[in-house]
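Worksheet: one structure, shown below.
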There are 2 protein chains.
Amino acid sequence: MKFGHDILKQADILATFTEDAPRVTRTYCSKEHKLAGDYLIGLMRDAGMNADYDAFGNIVGRYEAGVPFAPVVMTGSHQDSVRNAGKYDGLFGILSPIACVKALNAQGKRLPYTLEIVGFGDEEGVRFGVTLIGSKAMAGNFDPAWLEKKDANGVTMREAINAFGGNADAWRELDRSGDHHGEVVAFVESHIEQGPTLLNENLALGVVTAIAGATRMTVKVTGLAGHAGTVPMPVRQDALTAASEMILYVEKFCRENENLVGTVGRLSCLPGAINVIPQDVEFSVDVRSGLNEIRRSAIESIRKEFAAIAARRNVKVEANPYFELNAAPCDEALQKQFADAIAAQGVPVRRLPSGAGHDAMEFPTVCPIAMLFVRCGNGGISHHPTETMTAEDADVATRALLHFFENFKPSEFKPESAQRVDRT
Amino acid sequence: MKFGHDILKQADILATFTEDAPRVTRTYCSKEHKLAGDYLIGLMRDAGMNADYDAFGNIVGRYEAGVPFAPVVMTGSHQDSVRNAGKYDGLFGILSPIACVKALNAQGKRLPYTLEIVGFGDEEGVRFGVTLIGSKAMAGNFDPAWLEKKDANGVTMREAINAFGGNADAWRELDRSGDHHGEVVAFVESHIEQGPTLLNENLALGVVTAIAGATRMTVKVTGLAGHAGTVPMPVRQDALTAASEMILYVEKFCRENENLVGTVGRLSCLPGAINVIPQDVEFSVDVRSGLNEIRRSAIESIRKEFAAIAARRNVKVEANPYFELNAAPCDEALQKQFADAIAAQGVPVRRLPSGAGHDAMEFPTVCPIAMLFVRCGNGGISHHPTETMTAEDADVATRALLHFFENFKPSEFKPESAQRVDRT
């Protein structure tokens, strides 16, 4: 096994850079971000790259092209974690390309493009409530107003970045979108799946078709409280039974379309007494799809059915979306190259959407994107200490990634998606 | 109108004896209990009764029979209230028979039995978490261990009763059950319905068939948390969608039987994040029926269906009853006499169960029971400041009650229910 054991060992070491051992938590611009960054920069340099932090604490390594005036292919993922995280989410997407470069460098092999590996400082958004800070800055999607956001201790993002050794006001210089930075021709990301699809199908690898878009709603159902003993069933205006019917509709509707997931994760029920009919129920709805049209039409159907349920049950309902993010489709030509790289490892090619968000989703403003998914063990659990990846899977994923890098020819690459301006 | 306006005026005055004006809250052995009790004792004496507190602070008035060695008919309801209560719950059942006695006394008319009117000190259980303290004591169902229960300020029930001027250790002497107190031949209670049944049928009065029994369960559903974006619908183990199906089953099952009500009033959902599939849902189930068999078989069906839903959805469920109270059926012969009394007022006779508990439910250990319900306005809302009763309804209810008292002949009364020992 060429890569697997080393990568898992590196992930174990990175897990020791944590704010709350024995749990794993590493937030943006923390002391542990610095420890992890220094370690990753060491790995990058050891692999033959020029590497350092950028002005936002992103860890950037460059493996220079073998030809002059070459374009850039960018890859990477995030160094930060959720609270009480697993060891592979994000980090695998930094460690696996470093291993590829190390192998190329050992053979003295250069590529017809510069390979840039980025360990984004923040993707999870734990510290400042803004997600994808690193990739937003590099993809030209950063809003400088966010620099005033404060963490739980009242420290602003600006103060944190500067204290880290960065320069918060240099955000504009990180932007790789637009004409003057047009040299980035592709962004690719390898990542643990964080779901059970590959696991359930006994597959180590998958090609991502799109990073799902999402719509979120807060739904308020207003019925009429009443005595649990004295109000006959037919005249009740029970907000919780109405909400239950709505929740089951979300589930049923999303089950009927494999390109859709829908979740009610939060629910409150008032007055909340054993012997009182519920009057006020509030719940969240999160609907995701790799296809914007499917997601939008799902939200429309759901809102229509909620209104019908409420009318039938003589309760009131308000269901207004407050958050909407379009899907980021992966480039067809890049997907094809990842499919070839997977097939070359003797693994059947499975295409699947990513329900979770990833750094890659910010990059359609810069260039075509693609993602390689690696099987997530233990039922597909992620964002949790029980997240697992096997050395075998880490190995075959890295071999597939290396195949991709070795076979990617910028001169022949014709992006097939036209998503660069469809993210706003 | 003979009675209605006076009773509503008296209820208005009693509402001023409150612990948190402008709201109405009057708990057991409070200063306001004393103010209300003194006022009621004044009304009783003015109506021609001997009246005073008993050792538990119950307000007891006696209108002595016109014949020696006469039996006792007992009536009454509670003086205490929930927090932020209405004005008629409980008090109407004390005020209306006092008005009847006043009318009888004004005519110099005595009955062939002693009529005893009781204003029970506690029914709602707000102060000590034990409900029906007054009627439990008088019906021989009082557990002296409860004397050590403390209120929110650490005052025990024993201390509170003694400070009120009572004698907590005299609980045994209040007991009217058993041979040595066999003179009580019936307990009847007039009470606001606290539900919308009479209101929706345009009827002022109703005869209660039984005070419903209840079973309560806490239900725990355990699924598996997961990322709202990455776990495909078919493999989810969502505790909330499973709970939703269970909640709708409770509703459906109870809707199909008019002798049954079922309520899920409390629900918690964890981890409770918008983007995480619910893992742990806990909810309450409260099922009531005037018929014990129907309630028991409902609980059996509900538990069976919960298990089937859980099995089908690959989640775990625990649903164990922790509280069970049998129904208190009303005596058929007494119901008939109330029906006659209602018909005599030109009001159609409607029989209905009481979903809520009442003081009368403790008395099957003493004698047969019966209840007269009075229409509850404003959608049937009770336990709330917006509880309403019209002067017309108070009037016709009191006329019906007077008719009942004037026509009740202990020598001819043959109780038809045999519930006196079925409460344990």
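Bear in mind the structure is a predicted one, so any value in this text is a computation, not a measurement. We name chains A, B, ... by the order of the sequence lines, and we start the count at 1 in each one.
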Choice from [options] maximising heavy atom contacts with chain A below 4.5 Å:
| options | answer |
| --- | --- |
| B:Ser284, B:Gly355, B:Ser354 | B:Gly355 |
| B:Val287, B:Ile381, B:Val264 | B:Val264 |
| B:Glu245, B:Arg255, B:Glu251, B:Met246 | B:Glu251 |

Contact origin within A:Val276 toward chain B - heavy atom pairs under 4.5 Å: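 Only the backbone of A:Val276 comes within 4.5 Å of chain B.
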Measure A:Ala273 against the heavy atoms of chain B and call it side chain, backbone, both or neither at under 4.5 Å.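 Backbone only.
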Check each atom of [X] against the heavy atoms of chain A and say whether the ones under 4.5 Å are side chain, backbone, both or neither.
| X | value |
| --- | --- |
| B:Arg266 | both |
| B:Ser382 | neither |
| B:Arg216 | side chain |
| B:Leu352 | neither |

As an exercise: rank A:Gly262, A:Gly379, A:Ala225, A:Ala239 by heavy-atom pairs under 4.5 Å with chain B and give me the winner. A:Gly262
If you count heavy-atom pairs under 4.5 Å with chain B, which of A:Ser289, A:Gly272, A:Gly195, A:Pro271 comes out on top? A:Gly272
Return the orientation label for the A:Phe373 and A:His191 ring planes: parallel under 30°, perpendicular over 60°, tilted otherwise. tilted
Evaluate the ring planes of A:Phe283 and A:Phe306, with Trp represented by its six-membered ring, and classify them as parallel (under 30°), tilted (30 to 60°) or perpendicular (over 60°). perpendicular
Please tell me whether B:Ser268 and B:Glu282 have a donor and an acceptor in their side chains that are separated by less than 3.5 angstrom.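 On atom types as modelled, these side chains do not qualify, holding no pair under 3.5 Å.
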Polar side chain donor-acceptor pair, B:Arg303 to B:Asn320, under 3.5 angstrom: yes
Do the side chain of B:Asn292 and the main chain of B:Ala327 share a donor and acceptor less than 3.5 angstrom apart?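 Yes; judged by distance alone, with no hydrogens or angles, the pair exists.
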Distance-only, no hydrogens or angles: does the B:His78 side chain make a donor-acceptor pair with backbone N or O of B:Asp80 under 3.5 Å? yes
